[in-house]
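Remarks on the structure that follows.
Numbering of ligands and ligand atoms starts at 1, following listing order. Numbering starts at 1 and runs along the sequence shown.
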Amino acid sequence: MDSAAQRENMTAEPVLSVVVPAYNEGSNVQVFFEALAPVLAATGVSWEVVFVNDGSSDDTQTCLQEIRDREPRVAIVELSRNFGKDCALSAGLAHARGQAVVTMDADLQHPPETVPQLLAQWQAGHEVVFAVRDVRAGQGAGYRFSARAFYFLFRKLSSIPMSVEGGDFALLDRRVVDILNLMPERHRFLKGLYAWVGFRRTSVTYHQGVRTRGASKWGTLRLVRFALDGLAAFTTLPLRVWSLVGALVSGFSFLYIVLRLIRVLLHGIDVPGYESMIVAVLFLGGIQLLSLGILGEYVGRVFEEVKGRPLYVVRKLHGSEAATSPQDKADPP
Ligand code: UDP
Ligand code: MG
């Protein structure tokens with residue numbers, strides 16, 4: 001390849017984009033990028049890193065800006081407030097330009113050393129490559145049990161083969177990213193969407209580090225909401241199950257009515273028990289409230305979707321000059 005053609009090639013879009021959502025990660029982003037940059041350089045492909053500042057209230061934006069001043073292959077998508085990790089990731093995916101896009105956390109729990117492995121699987125022809133934790137580090141038995149129960153339920157109810165592990169740390173081919181970008185849904189359960197799109201998939205394992213700086217943003221309540229959102233986004237079975245419950249209850253009631261009638265005809269009218277009345281009323285009332293509540297969950301979600309608000313609002317976009325930086329010209333891909 002002559003140098004003119006080489007330059008031509010180099011102004012093209014980068015091969016690899018790394019998308020990193022960051023929410024109050026001021027103490028992490030610098031260390032994270034210092035660990036990531038040499039790994040990316042060693043891959044030999046052109047790259048960019050897209051940081052999404054998810055409305056951080058600490059000095060994350062300043063730290064990111066410092067990184068970008070030194071390295072023009074870094075882009076920052078600055079959101080107008082905190083939109084949550086899945087929306088931040090979506091913002092990053094929409095702004096990534098690479099042929100392959102890796103999504104990873106800024107807290108160094110996803111080791112940069114795994115990125116070349118993901119890339120190798122992609123170059124071998126896989127379109128979705130998950131990085132899967134070898135052990136769930138730092139999580140109690142209760143958490144592990146509920147996580148497993150959730151994935152079991154999810155697979156049974158939605159018939160989408162979502163894997164237990166893997167999801168947040170993954171490589172996606174351009175075609176997959178384009179499809180995800182087309183999905184307008186607001187309740188973004190990205191892990192489920194990754195499974196929904198299909199494509200040739202594989203996984204590599206990694207050892208999850210422990211977060212040393214900053215705090216995890218996942219409380220128990222948030223996890224429960226996450227699980228409910230995930231189920232509601234991928235199955236309507238909870239809505240339909242009430243037809244079955246209703247049919248069963250009516251069936252049994254009808255049988256009971258017949259029994260009572262026969263009893264009255266044979267033995268005359270007796271004074272009905274207070275207990276059986278109150279039990280029936282409370283039981284049916286409970287079932288009705290429960291089914292209404294579940295209906296409400298779905299109606300609420302329909303309302304959210306129907307408003308069609310954007311998933312995130314970008315305050316400012318600091319674009320990357322991925323493949324045109326001096327470094328790229330010095331060491332061709
Ligand atoms: N994150 C985000 N927006 C949020 C919460 C988290 O962008 O509202 C980012 C966070 O900065 C980190 C990643 O998502 O890069 C994972 O967050 P965290 O470490 O809290 O999750 P965990 O590792 O505990 O699952
Ligand atoms: Mg983390």
Side-chain angles (χ1 to χ4, degrees), residues 17-36 49-64 67 74-96 101-112 114-115 130-140 142-144 146-148 150-151 162-170 186-192 194 206-227 229-230 311-315 317:
S17 295
V18 180
V19 169
V20 190
Y23 175 48
N24 293 345
E25 303 282 6
S27 51
N28 277 323
V29 283
Q30 206 93 22
V31 192
F32 168 78
F33 188 72
E34 262 153 41
L36 180 66
V49 177
V50 181
F51 282 104
V52 183
N53 177 5
D54 189 12
S56 302
S57 52
D58 66 352
D59 59 344
T60 302
Q61 184 61 31
T62 337
C63 295
L64 290 177
I67 297 174
V74 167
I76 309 168
V77 183
E78 194 186 340
L79 301 187
S80 62
R81 64 168 171 86
N82 180 244
F83 283 87
K85 183 181 176 184
D86 279 347
C87 285
L89 265 178
S90 303
L93 289 179
H95 288 93
V101 180
V102 169
T103 59
M104 62 196 295
D105 290 355
D107 58 5
L108 283 165
Q109 283 187 304
H110 296 162
T114 310
V115 173
F130 290 116
V132 174
R133 269 175 284 194
D134 51 359
V135 279
R136 278 181 172 260
Q139 287 163 343
Y143 179 91
R144 281 203 304 274
S146 34
R148 206 159 305 144
F150 168 70
Y151 288 109
M162 186 173 68
S163 59
V164 175
E165 306 285 351
D168 291 349
F169 188 13
R186 290 190 47 78
H187 286 282
R188 292 181 93 70
F189 185 60
L190 274 179
K191 227 173 154 172
Y194 289 174
Y206 73 98
H207 186 71
Q208 179 165 20
V210 280
R211 183 185 257 281
T212 45
R213 288 170 223 81
S216 172
K217 284 90 195 170
W218 290 92
T220 311
L221 261 181
R222 200 164 175 166
L223 277 173
V224 170
R225 214 176 61 201
F226 176 73
D229 274 346
L311 290 171
Y312 52 83
V313 179
V314 178
R315 175 187 289 141
L317 178 68

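Taking the six-membered ring where tryptophan is involved, the planes of F169 and H110 are essentially parallel, since the angle between them stays under 30° and well short of 60°.
A donor-acceptor distance shorter than 3.5 angstrom exists from the side chain of T60 to the backbone of E25, with no hydrogens or angles considered. Within the 3.5 Å criterion, the main-chain N or O of D107 finds no donor-acceptor partner in the side chain of D105. Of the possible donor and acceptor atoms, none in the side chain of D54 sits under 3.5 Å from a partner among the backbone N and O of A88. The main-chain N or O of S56 is never found under 3.5 Å from a side-chain atom of N24 such that the two would form a donor-acceptor pair.
The atoms of ligand 1 that sit less than 4.0 Å from any heavy atom of A106 are 15 (O). The contact set between ligand 1 and Q109, taken as ligand atoms under 4.0 Å from a residue heavy atom, comprises 19 (O), 23 (O). Of all the atoms in ligand 1, the ones that sit under 4.0 Å from a non-hydrogen atom of D107 are 19 (O), 23 (O). Contact atoms of ligand 1 toward E25: 10 (C), 11 (O), 12 (C), 15 (O) (distance under 4.0 Å to a heavy atom of the residue). Heavy-atom contacts of N82 reach the following atoms of ligand 1: 3 (N), 4 (C), 8 (O) (cutoff under 4.0 Å).
When the Mg ion (ligand 2) is compared with the N/O/S atoms of D107, atom OD2 turns out nearest.
Taking OH from Y23 and CG from L79, the interatomic distance works out to 12.0 Å, rounded to the nearest 0.5 Å.
Between D54 and ligand 1, a contact under 3.5 Å exists for at least one N or O pair. An N or O contact shorter than 3.5 Å is missing between A88 and ligand 1 by distance.
Not a single N/O/S atom of D105, whether from backbone or side chain, sits less than 2.8 Å from the Mg ion (ligand 2).
Between V19 and the options V102, V49, T103, a side-chain contact (heavy atoms from CB on, under 4.5 Å) holds for only T103.
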